There are 2 protein chains.
Amino acid sequence: MEPVEAAVPPYHLQLARMFAERQTAEFDATVCPVRDVLDRVGDKWTMLVLIALAERPRRFSEINRTIPDISKRMLSQTLRTLERDGLVLRSVFPTNPPSVEYRLSELGRTVFEPLTMLVRWVERSHDAIGTARKQYDTSP
Amino acid sequence: MEPVEAAVPPYHLQLARMFAERQTAEFDATVCPVRDVLDRVGDKWTMLVLIALAERPRRFSEINRTIPDISKRMLSQTLRTLERDGLVLRSVFPTNPPSVEYRLSELGRTVFEPLTMLVRWVERSHDAIGTARKQYDTSP
DNA sequence: CTGTATCCACTGCGATACTG
DNA sequence: CAGTATCGCAGTGGATACAG
C-alpha cells in the first residue's frame, strides 16, 4: 500500500474542490480568489516589474531600462500599486538629483514561488501550444 | 555540510537569473515567457473557465451557470481560444437540441499545478495585502 | 532623475438581437 | 441549446508636455 501518495488529489481536483465549496454560497465575484489574482498581477506590467526587482533593489530608471517598452506613467502607477499592496518598498535618498530605490518586501518575495511555477509552465508548454494552434488554424 | 539544500537558490533569484540571461540578447517582447503567461491566462475569464472544467467535462450552459457573470459572447470566445491552444477539447453530440461538451486536455490539466499555487498565494497573502493597503491609504 | 497631468486611441468586454 | 453579429461604452495604457 502507498497511503500518502494516494491521499493527495491532483491539482486540478484540489482547485475544483476549493471552488465547489464557494458555489454553495450565494455568488459574490468580489471575494473570489482567482479574480483577486487577476486584479493583482494580471495587468500588463506588474509581473515584469516584480521580476525586475527580484535580484536586487533598483532605481526608477533602472527598472525602466530593464523593461524598455513600459512608459514612465505606467511604471510609476504599477510601482505605486505594488507599494500600496506592501509588495514593494520605496526609499527616497535626498541626493541631488534625487534618487529613489525600490525593493521587494518580505511579502513581495513570496510571490516568486507561484510566479516561477507559472513561468516554467509556459516555457514547458510553449511548443505544445504552438503546434496545437497551427493544427487548429490549418484544419477546416 | 548540507550541499543539496544550499545548492537550490530561492525562487526570486531563480526567476531573476532566467531573465538576466534574456537581457543580454537584444530585446524582443514577443518571446518573453511572462508576457506569454499574461496573454494566455491573464485575461478576465480564462482562469475561471479552466477551473469550471477542472472536476469534470461540462456543457456550455453549465459553465455559464458556474460563472454567472460571464456573457455568452465571452464564454464562447474564451472557450475557442482554449481549444485553439489545445488546453480544452470540444465534442459535439448531434442530439436535438444539440449539446456540446468541453473538457480539459492532458495539457490543460497541467496548468493546475502552477494555478493552484497562485491561488493559494493570494489566499495566504490576502489579509497582509489588506492591512498594507489600509495603512498606505490612511497615512499622509 | 523621478515623477505628475492631460489628452487620446485602442480594445476588451457587455448588451442585445438573431440563427441553426 | 449553443452559439454568432452588431453595436457601444469604459477602462487601460501610450504620447507628450510639464514640474520638483
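Quantities reported herein were computed from a predicted structural model and do not represent experimental measurements. Quick note on labels: first sequence line is chain A, next is B, and so on, each numbered from 1.
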Between Asp43(B) and Thr46(B): side-chain donor-acceptor atoms closer than 3.5 Å: yes
Minimum side-chain heavy-atom gap Ile63(A)-Leu75(A) below 4.5 Å: yes
Upstream residue (5' side of DNA chain D) when Arg65(B) and Arg80(B) are each assigned their closest nucleotide: Arg65(B)
Check: Glu113(A) and Trp121(B) side chains under 4.5 Å, non-hydrogen atoms: no
Validation row: His12(B), Leu115(A) side chains within 4.5 angstrom (heavy atoms): no
Electrostatic pair Glu62(B):Arg65(B) at N-O distance under 4.0 angstrom: no
Side chain to side chain contact (heavy atoms under 4.5 Å, CB included) assessment of Ile67(B) paired with Trp45(B): CA-CA 9 Å; Ile67(B) 311 170; Trp45(B) 300 115; 3.7 Å; yes
5' to 3' contact window, DNA chain D with chain B (heavy-atom distance under 4.0 Å): dC1(D) to dT6(D)
Any Pro114(B) side-chain heavy atom under 4.5 Å of Tyr11(A) side chain: no
Covered region of DNA chain C, 5' end to 3' end, by chain B [heavy atoms, under 4.0 Å]: dC13(C) to dG20(C)
Closest non-hydrogen atom pair between Ser105(A) and Gly86(A), with its separation: OG-O, 2.6 Å
Side-chain heavy-atom pair Arg103(B), Arg90(B) within 4.5 angstrom cut-off: no
Side chain to side chain donor-acceptor pair (under 3.5 Å) against Arg80(B), all qualifying residues, sequence neighbours excluded: none
Sorted by number, the residues of residues 66-74 of chain B with heavy-atom contact under 4.0 Å to DNA chain D: Lys72(B), Arg73(B)
Check: Gln14(B) and Val8(B) side chains under 4.5 Å, non-hydrogen atoms: yes
Sugar-phosphate, base or nothing in reach of Phe93(B), heavy atoms under 4.0 Å: nothing
Distance-minimising heavy-atom pair for Leu13(B) and Ala54(A): CD2-O, 4.1 Å
Could you pull out every donor-acceptor pair under 3.5 Å between side chains of residues 33-42 of chain B and any protein atom, sequence neighbours left out?
residue, atom, partner, partner atom, Å
Arg35(B), NH1, Asp69(A), OD2, 2.7
Arg35(B), NH2, Asp69(A), OD1, 3.1
Asp36(B), OD2, Arg40(B), NH1, 2.9

Axis bend over the full length of the helix from dC1(C)-dG20(D) to dG20(C)-dC1(D), computed from five pairs that close each end, to 10 degrees: 40°
